[in-house]
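First up is the structure itself, then whatever we jot down about it.
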Protein chains: 2
Amino acid sequence: MTGAGRPDRDDSRPVYVISVAATLVSAHPRTLRIYEDEGLICPARTPTNIRLYSEEDIRRILWIRHLTRDRGVNLAGVRTLFELEERLGKRILEALYDEGMRSRDAELAGEPDVSVPHDLDHI
Amino acid sequence: MTGAGRPDRDDSRPVYVISVAATLVSAHPRTLRIYEDEGLICPARTPTNIRLYSEEDIRRILWIRHLTRDRGVNLAGVRTLFELEERLGKRILEALYDEGMRSRDAELAGEPDVSVPHDLDHI
DNA sequence: GAACCCTATCAATGGCGTTGTCAAGACATA
DNA sequence: TATGTCTTGACAACGCCATTGATAGGGTTC
């Protein structure tokens, strides 16, 4: 399944226009443009300058939403965290995850009923 | 360095009362109490409940001041960064440092003990 | 041509960070 | 003992930020 002959990087392929992306992350399109102005995301553009968000972009935005809404971190804090992540290899933010809320060893039980960014389970 | 024949941990020894600590970090005593209420610092107490800040406490506060004032990170962001630091070994915040300010001095060869913003050696 | 996108601007809302002050009480030191 | 600093708790003001919203004029897509 999942297209055995489709091992391509479709997670990085730009597919969603801003209205769709905004709906996916429960934010206002304006907010996504602000994130971009702040340098937190950098969606692709069509030859005619239309923003196109990839699945990776969506996940990044969901991280921002998690940090800002659930943790109360402001955009400067998000920027610092992302900067830290870039400097130290990767996956640093994951450490924020198994907080105390979830022992990730029972994930194959079935329903991922996470109380965290709802779409980050499958990173 | 650090006084001859004094191998004790005097960096962790509580010495400063709140007014002195506040002066050292250029903050209001009120602000230090807020940091404590937020769980960002935890100064020692005398048997009579007087707060006493150690050199380590001072450095931690200076980190908070650096993150909030210079980088614009809010207290929730500081908390997240500290939490991340606890989860991932140590010294994570140091990576934020060689940003652009430190391009001139690569002075010390191997003293892995100081993890302080350089803004504070004017103490 | 309708519905969407672009940039840019202005604004309202709510919340946060910091400082400040006031109170009433406990402590420290000269 | 008297003065000064500490304690907690409350209230407030100032400025800034995050988010959403609306508006304008113009381009893109179907």
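Just so you know, these numbers come straight off a predicted model, no measurement behind them. Throughout, protein chains are lettered first and strands after them, A, B, ... in sequence-line order, and every chain is numbered starting at 1.
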Output the rounded distance in Å from [atom1] ([X]) to [atom2] ([N]).
| X | N | atom1 | atom2 | result |
| --- | --- | --- | --- | --- |
| I18(A) | dT28(D) | CD1 | P | 17 Å |
| D37(A) | dC17(D) | CG | C1' | 15 Å |
| Y53(B) | dC6(D) | OH | C1' | 11 Å |
| R33(B) | dA10(D) | CZ | P | 14 Å |
| Y16(A) | dC5(C) | OH | C1' | 19 Å |
| H66(A) | dA18(D) | NE2 | C1' | 17 Å |

Would a 4.5 Å heavy-atom cut-off, applied to side chains only, mark [X] and [Y] as touching?
| X | Y | answer |
| --- | --- | --- |
| E36(B) | P43(B) | yes |
| V20(A) | Y53(A) | no |
| V25(B) | L32(B) | yes |

Going 5' to 3' through nucleotides 17-30 of chain C and flagging B where a protein heavy-atom sits under 4.0 Å of the base, S where only the sugar-phosphate is that close, and - otherwise, we get SBBBB-----SS--
Please test E83(A) against R87(A) for salt bridge (Lys or Arg N to Asp or Glu O under 4.0 Å), starting from the C-alpha separation and ending with a verdict. CA-CA 6 Å; E83(A) 177 183 331; R87(A) 285 183 197 281; 3.4 Å; yes
Starting from the C-alpha separation in whole Å, work towards a yes-or-no answer on side chain to side chain contact (heavy atoms under 4.5 Å, CB included) for R45(A) and I50(A). CA-CA 5 Å; R45(A) 301 280 187 140; I50(A) 306 287; over 6 Å; no
Could you pull out all residues at least two apart from Y35(A) that satisfy side-chain hydrogen bond (donor to acceptor under 3.5 Å, both in side chains)? R65(A)
Which heavy atom of I18(B) sits nearest to which heavy atom of P29(B), and what is that distance? CD1-O, 3.6 Å
For E38(A) and R33(A), what are the C-alpha separation, side-chain angles and deciding distance, and is it a salt bridge (Lys or Arg N to Asp or Glu O under 4.0 Å)? CA-CA 9 Å; E38(A) 295 284 332; R33(A) 297 192 183 102; over 6 Å; no
Take N1-N3 plus N6-O4 or O6-N4 for Watson-Crick, N1-O2 plus O6-N3 for G-U, both under 3.5 Å. Which runs of 3 or more such pairs involve DNA chain C? C:1-6 with D:25-30, C:8-23 with D:8-23, C:25-30 with D:1-6
